Every structure is written in C-alpha cells, then in structure tokens.
Trainee: 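Just passing along the structure, written as structure tokens.
Naming convention: chains lettered A, B, ... in sequence-line order (proteins, then strands); numbering from 1 in each chain. What you see is a predicted model; the values in this text were computed from it and never measured.
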Amino acid sequence: MAAPVRRVPVEERLFSLVLALLASAHGLTKAEILSTVTGYAARYDAGGDRVALERQFERDKEDLREIGVPLETVDERGAEGDTKLQRYRIDPARYQLPDDVRFDERELALLVLAARVWRDGSLSSDSRRAVRKLQSLGVRVDEGVIGFAPTIRTRDAAHEPLAAAIDRGQQVRFDYVKPGTPHAAPRTVSPLALVFHEGRWHLHAHDDSVDAPRTFLLRRIVGGVELTGQPATRKAAHDESARVLAELEQLWTERVGVVRVRQGSEAEVVLRNRAGTEVLDVENDAVPADTRRLLLHATDLDILADELAAFGGDAVVESPDVLRGAVRTRWQRVVSIHG
Amino acid sequence: MADRAAPPKATDKLTFLLALVPYLIDQVRVTVDEAAAHFETTPAQMRAYVELIAMSGTPGADGGYTHESLFDIDWDDFERGVIRVRQAPMEEIPRLSGREAAALLAGLQRVAALPAFTAGVDVAALMAKLARGASDAPAPVAVRPAATAELHALLASAVAERRRVRIDYVTARGDRELREVDPIRLDDIDEARYLRAWCLTRDDERTFLLDRIASAELLGPAEVHETAASPDELFHSDPADELVTIALPAAALPLIADYRGADDAVRIEGDRAIVTLPIAHPGVLGRLAARLSGELEVLEPATARAALIEWARAALSGSA
C-alpha cells in the first residue's frame, strides 16, 4: 500500500531541483530528475502516464530561467536532439557570483537606491530580486544611509510585454499611433532595446513590415502587445541600448526650434524648464519688449508641435517653417472639426 | 495599486531560499531575529524558511535522500532562536540574471545624475562590476540621466532634509502664485516630474508639476502633516470642475490617460470614443486638443465648445 503523499510546496520542489542539478557533475536525465527529486519523485510512476509531471517540469525549467538560474541542456554524445537522453545541469561556475564581485556598504546602499527608482512593472520586480540575491552577501545597509531617490513609474502598459519579448528574442505585433496623426496602424517588429530619453520610453526595433530599423514611443502603442509566435528577425547587439541612446541624443542636439513667448507667461516658465532650452537675444525691433526668444531641442518635431500647440497664442514659432506649420495645422484642425 | 505588495510567487520564495543559504553559511551563527531583520521578513517566516531548508538536500546515487546529502541544522540552537548550519550541500551565492542587472544599471544611471547620492562611490566601476556579476549580458535598457535641473536637486534635498520651500508656481489656469510647501516626495511619471507636498497656502496636500515651478527657495524646517491621500493618487478632481463631453479617435484614448479618472464615462462609437471628464479650466481643453494633434471635438456644453474654438482662433491670429 502506498504511503500518503505529502504535498510539496512549489518553492520546495524548485529548491530541490536547483540543489540536485548543482550537485550533479554530469547532469541528470529527465527520468532521473522526475524519479528522484523531491516534489516529483512521490508522484513518479515508472510505467505509467507522466504527461502531467513532464509538463510541470517544463514549467519549472521556465521558472528557473526566469530568475536567472543558468540551466543547461547537454546532448548525449552521438544522440544529439534525443530528449530522453539529454541531461540537465547547472554549472556551479556559471551559477555562482564571481569572487571578485563583492559590494561594500556604500555601494550596496546605492544599488538599493537604484532598485527603488522603479515603482512598478518588470523593472521593479527584476531589481527587487537582484537586491534580494545581493542580501546573501550579508552586507548591512543602514536605512538612514540609503536616503531618498526620485522614482520612475513605467505606466506604459507596453513596457512589460516588450521587455519580456526582448529577453526571449520574440517578434511582436501592436497598433501604433504615429506622432502627428490620431489614427493607429498595425506594426510587426522585432524588438531590440528599451530606452528612456526626454522623459519618454522608446522602443528601438527592426520593423519587419517595412524591413528597416524604427524607434517607437511606448506611450503611442495602443491596444496591447501580442506575440506573433515567430522568433525575432534581428538580435540586439550588446551595446544596442547605448547606441540607440546616443542616436536619440544626436537627433535631439540637431533638431531645434525657436519660439517667442511672453515674459512671465506659463509658456515661458514651462519651456524654460524644458531640458536644453537656451534663451536667445531679442535682436529685432519688431519683437515686443516683453517677449523672450527661446531655442528648444526635440527628437521629433511632431511631438514638439503637440507640446507647443498646447500654449495657444502664448508661444509663437519663429522657425523652422515646418514646425510653425505643424503647430498651426493643429489649431486649424480644432477649428475645422467644430465647424 | 502599485505599492501594495502582491503575495510572493513561488519564484520569489525560491530566490529567497537561494539567497538565504549562502548568508547563513557565511554568518556561521546568527539569531533568527537578526536574519529576519536582514532579509526584511518576520521571525516566524524566517523559521519556516529554515525548516524548509533543513528538509532539503540532494538525491543520492540510489535515488534516495540520506542524512549525508541533507542540510544539517543544529536543532538545539534553533530551539534557542539561533541558526547554525552544520552541513550544506550547496553554498554558492547566486549571480544576477541579465534582466536583474539591467534593471539595477538603468536605475543607477538615474540615481547617478544626482551627485548627492554617489559621494564616495566610483559609479563607473560599480556598473562594470554589476555587469560582471550577471549570468548573461544585461538586457538592453538605457536611461538618459535627467537634465540636472538645479530645481530638482534643490527639491530633492528639501525632501531629504525636511525643509520648507517657497515656490513661484504657474497654476493650471495660467496664474502665477507664490506658495509655501512642505515637500513629501518627488515622482517621475513618464513624461512629467511631480512634487507632492503639503501646501500651507491651501492647508492640504497638493501635487505640483516641476516644469510649472518658475523658481524655488529653501526656507526653515518643515512640519509634519497628517497625510490622508493614497500615495498613488496625484490629482483629485474638484467638485467645482465642469463636466465636459469630448469625442476623439478611439485609438488615441491612451494618449489622454493622465487626464482621465477611473470613474469617467467612456463610450465607443465606431472608431470614435466619447468621454465625459471634469475640466478645471477651459485652457485644459486646449492642452488636451494639442495632445491629440488637434483631433478633439467638444460635444457639450456649448460654452466649452465655444471656448475651445475661441482659443484655437486666437492662437491662429496671434501667430499669423
């Protein structure tokens, strides 16, 4: 008669799996794992149906990879691809934090602070897990030392699915509202990097519908991100995000607009507080005395036009003409839509 | 909402166990209370984790678990509230995953823009060390450091040192006002930076947009105030606000998410969305219209409709 089976909590099964795979020098086959490791073994039936147990093992492998445990699959020599003979293992050298990676109290305090920058979403759970792992170093961090940091909220719903898709190298599909237009069009892209620039999250991707690189604003991705089920057509370079950031920075430096604002107005206060704004000399007599000329930077003139249109008559675009025209078009649209 | 802790997932508990084991081995002897404090959990929870560890081990060659392959905890010590691991089948400190390292690196870039926090730390070396501590290349995420606005630094120090601040503020109505406030915290939400503070002028908690603060100066020490608002609520609508019904392309609805409350009525008609929301000032309608590149129609009331048309016409004539 079989002894009653103790219900093993999920974390205990996962922990036992890590212990078994770390300890095994040559790895374990799936059958060895399912028949011996706590959490599987009691439910293992050598001759019977193992579909449910195998499915559970597949999910567990995903869970381990999710939290960064380097689970490897080793093919049996001469039997490549035979999943029955494949062995699973965790190389202790790849699992373990290198000996020279240690943090002192000040460094750890700074890392705790860095983790707290993220208020929600996957960046928040990833950074909290990182801090949890670093707590194993036993370095005591005084709350008083940590202090206070600004937080960034990733309210964009697209952030999480895109981060996951980049991580797993998957192609995605979404509807995008291009700046300057109010309507959405579908895009199929291979996501490469998420970049926070000018206060906005950007996705850099290879747009597979037009076979060209494109940068999207997360805020303008509407109606959810879906996986196409295909792998991404491009792989992110290790310095992808730094390169994209540098490109955006370059665009931002080059694209400028000059506006006239009334001194003391809301437009003056808000636009002077914008990153990179320069106050220009008033050089011509036609400009009223209480007017200030401001030089503004932007990566996208359509988005700058939205920003400037909000001030109505308080911000008048001097140059370039395309920006001046774009702002006027927005006001004309308001008039005609109500006509 | 965001701050409410979700129940820990099995992977969270596993991470806890994998971090706890090397800690206990490194400490040699540690009290349950001290370990619980270090891992920010309760002594009862810490005991439960240690008991789970004590039952775990590695399967032997014959497939069974024997005493030699299990963790060995000193139970007499444990009775007295002390944890001592006598034998352990694992002792490795876990590496960070690529995504975990990336999240810390991106946060670090943001913090590094505020020099007050990085005193005495070589940030570049710390970043390199973090990347080396990851099991694969950190997933690409990058944050451009915030423009080191002096205003932001001044307000950050006011929050940290609990100082009162006088701000020259442009209200939503476009009025300039001098206000004395006791700062509570600073938030960056997508495109906007906010100061949450107790406003002494209004004797209530208020949210100020940083880009509407023309200047700020530090005053004396701040007082402690009874704060009632939920930490996630930034603005609450005033009952005096006028209810305005607008129509916009349905796809563009997310673009005005920050103007909408949870209770605002939305009706989708074909590819148009009809939304009714409280509007504090006619100027807000212009800002909403601009956000939608002009693609907004005010349906009612007629006064709001006329105000928006007037606003757009005035802007057009002013720039002609």
Trainee: Is it the backbone or the side chain of L96(B) that comes under 4.5 Å from a heavy atom of chain A, or both, or neither?
Mentor: both
Trainee: Chain A heavy atoms under 4.5 Å from E161(B): which part of the residue, side chain, backbone, both or neither?
Mentor: neither
Trainee: We want to know whether D314(A) and S265(A) form a side-chain donor-acceptor pair, criterion being a heavy-atom distance below 3.5 angstrom.
Mentor: no
Trainee: Is the shortest side-chain N to carboxylate O distance from E266(A) to R287(B) below 4.0 Å?
Mentor: yes
Trainee: Using the ring-ring contact (aromatic ring centres under 6.0 Å, His included) criterion, which residues pair with Y176(A)? Sequence neighbours excluded.
Mentor: F216(A)
Trainee: Tell me, for L210(B) versus chain A, whether the close heavy atoms (under 4.5 Å) come from the side chain, the backbone, both or neither.
Mentor: backbone
Trainee: For R243(A), which residues count as a side chain to side chain donor-acceptor pair (under 3.5 Å) partner, sequence neighbours excluded?
Mentor: E240(A), E247(A)
Trainee: By a 4.5 Å heavy-atom criterion (distance strictly below it), what part of V30(B) contacts chain A: side chain, backbone, both, or neither?
Mentor: neither
Trainee: Between Q27(B) and chain A, which part of the residue has a heavy atom less than 4.5 Å away: side chain, backbone, both or neither?
Mentor: side chain
Trainee: Would you indicate whether the side-chain heavy atoms of Q135(A) and H38(B) approach each other to under 4.5 Å?
Mentor: yes
Trainee: At a heavy-atom separation under 4.5 Å, does V284(B) approach chain A through its side chain, its backbone, both, or neither?
Mentor: neither
Trainee: Would you call K133(A)-E100(B) a salt bridge at under 4.0 Å N-O?
Mentor: yes
Trainee: Can you tell which part of R313(B) gets under 4.5 Å to a heavy atom of chain A, answering side chain, backbone, both or neither?
Mentor: both
